[in-house]
Amino acid sequence: MPDAPPVSLHCFAHAGAGVSAFHGWPARLGPGVTPVPHLLPGRDRRRREPRVTTSQALLADLLDGFWTPGEGPCVLYGHSLGAMVAYTLARALHEAGLPTPALLAVGACPPPDAASEISDACRKSPGRLLELLTRMGAVPEGAHPGGLWHRAVLPVLEDDLALADHLRRAARSPVAGGPFTVPLLVVAGDSDPLAPPAAMAGWDRWTAGPVVRRTVAGDHFFVRQHALPRLLGRACRVVGRMAGTPAVTVTGAPAGPGPYPAVTEQGRGGGRPQKGAAMRDSR
């Protein structure tokens, strides 16, 4: 039997972050998986570039040359804000008629139609936002108005939260090009105050493909722990083994608005049963 093709895991970080959360992932993911962290404009080596705050600006930055002809299977993982970035990118590829990811994985982010405490706080007042960020543990100890964190990090965080809000609203528009059938892996932290496991269950409505949910130990920033990359590494190797399996057309799926009726791990109408089974094997 030929070796499974290598899998590219494209990673998108939470609001205010660069790509440092993914630095230890090559070893944690295991063999056959290559992490590809994506740095958004306005931070780290791209700090002089204007930050993006709309879906149009985001896709203009990401879509050009994203898919390299002949590359192996592609998986997307987004954490918190990154989950909306990954979903937006996967859906844009689908609507453009381009190859879509073999798997979309989202973590620590309620689905687009769910109430978002942090988006509400961002719209209401800077003080309310800082209160919520402090409760989350996102504000470092000793940070004070006029200090480095407030001058360098908070503006990036505020723009990223504005982007997240725009992406959530844009996702609720109708899907073009037929039903969105990309398989979905939904990961929650068992002590995440912003996206608890019960809230993450709402992602079932956002694809007509198979959906699998997993819970790992950790708060909103479980991306920094070891359980998540190990889980994603196993899922990516399943994707690699499944590469080349003939696709099964999803039948009976709606082609209208973004949210779809709830689906099971096996999908609707028998759609993609092989991939649904493979995703279950990744646990």
Side-chain angles (χ1 to χ4, degrees), residues 10-26 28 35-55 57-58 61-62 77-86 88 106-110 114-169 187-196 199 216-229:
H10 295 262
C11 305
F12 303 91
H14 49 282
V19 295
S20 61
F22 308 116
H23 284 174
W25 280 33
R28 297 171 189 168
V36 185
H38 287 263
L39 182 67
L40 296 183
R43 65 212 74 208
D44 297 345
R45 68 176 183 276
R46 303 187 67 183
R47 62 185 175 276
R48 298 186 184 278
E49 300 177 43
R51 293 188 289 272
V52 297
T53 56
T54 67
S55 59
L58 173 74
D61 184 74
L62 290 177
Y77 175 71
H79 193 84
S80 195
L81 161 69
M84 287 308 310
V85 172
T88 300
V106 295
C109 178
S116 172
E117 184 180 5
I118 199 162
S119 292
D120 291 344
C122 188
R123 284 193 294 266
K124 287 178 180 176
S125 73
R128 177 72 184 92
L129 176 61
L130 277 172
E131 177 187 334
L132 180 57
L133 293 173
T134 301
R135 177 157 55 88
M136 290 169 52
V139 180
E141 187 176 351
H144 59 87
L148 179 61
W149 188 88
H150 282 257
R151 288 184 287 108
V153 179
L154 185 57
V156 179
L157 192 53
E158 290 174 333
D159 281 349
D160 281 357
L161 294 175
L163 172 63
D165 186 59
H166 192 273
L167 296 183
R168 294 172 71 84
R169 288 185 282 112
V187 188
D190 62 1
S191 57
D192 185 345
L194 293 179
V216 298
D219 58 16
H220 191 67
F221 299 104
F222 63 84
V223 66
R224 300 168 180 164
Q225 308 303 317
H226 291 194
L228 176 64

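- Below 30°, between 30° and 60°, or above 60°: for F12 and H38 the angle between ring planes is below 30°, a parallel geometry.
- Using a distance-only test at 3.5 Å, with no hydrogens or angles considered, no donor-acceptor pair links the side chain of T53 to the main chain of L163.
- Taking all atoms of both residues into account, the shortest heavy-atom contact from P196 to L194 is CD-C, 3.5 Å.
- Under the rule for a side-chain contact (heavy atoms from CB on, under 4.5 Å), H144 has no partner lying at least two apart in sequence or in another chain.
- Residues meeting the side-chain contact (heavy atoms from CB on, under 4.5 Å) test with A15, sequence neighbours left out: L81, L157, D160, L161.
- A 4.5 Å side-chain heavy-atom check between H10 and L62 finds every atom pair outside the cut-off.
- Nearest heavy atom pair, residue F222 against residue G189, reads CE2-N, 3.3 Å.
- Between V139 and L154 there is no side-chain heavy-atom pair separated by less than 4.5 Å.
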Checking side-chain contact (heavy atoms from CB on, under 4.5 Å) for the pair M84/L58: CA distance, chi angles, key distance, verdict? CA-CA 11 Å; M84 287 308 310; L58 173 74; over 6 Å; no

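- For T88, there are no side chain to side chain donor-acceptor pair (under 3.5 Å) partners, not counting sequence neighbours.
- Not a single donor-acceptor pair under 3.5 Å links the side chain of R224 to the backbone N or O of A21.
- No donor-acceptor pair under 3.5 Å is formed between the side chain of R51 and the backbone N or O of R43.
- Summarising the geometry of F22 relative to P26, their closest heavy-atom pair is O-CD, 3.9 Å, with the distance given to 0.1 Å.
- Using a 4.5 Å heavy-atom threshold, the side chains of P35 and R28 count as separate.
- A distance of 9.5 Å separates NE2 of H220 from CG of L133, quoted to the nearest 0.5 Å.
- In this structure, H79 has its ring center at least 6.0 angstrom away from the ring center of F221.
- When all heavy atoms of A17 and A13 are compared, the pair lying nearest together is CB-CB, 4.0 Å.
- Closest of all the heavy-atom pairs between G16 and V156 is CA-CG1, 4.1 Å.
- Remark: the backbone N or O of S55 is paired with a side-chain donor or acceptor of H166 at under 3.5 angstrom.
- Here the closest heavy-atom approach between residue Y77 and residue G107 is recorded as OH-CA, 3.5 Å.
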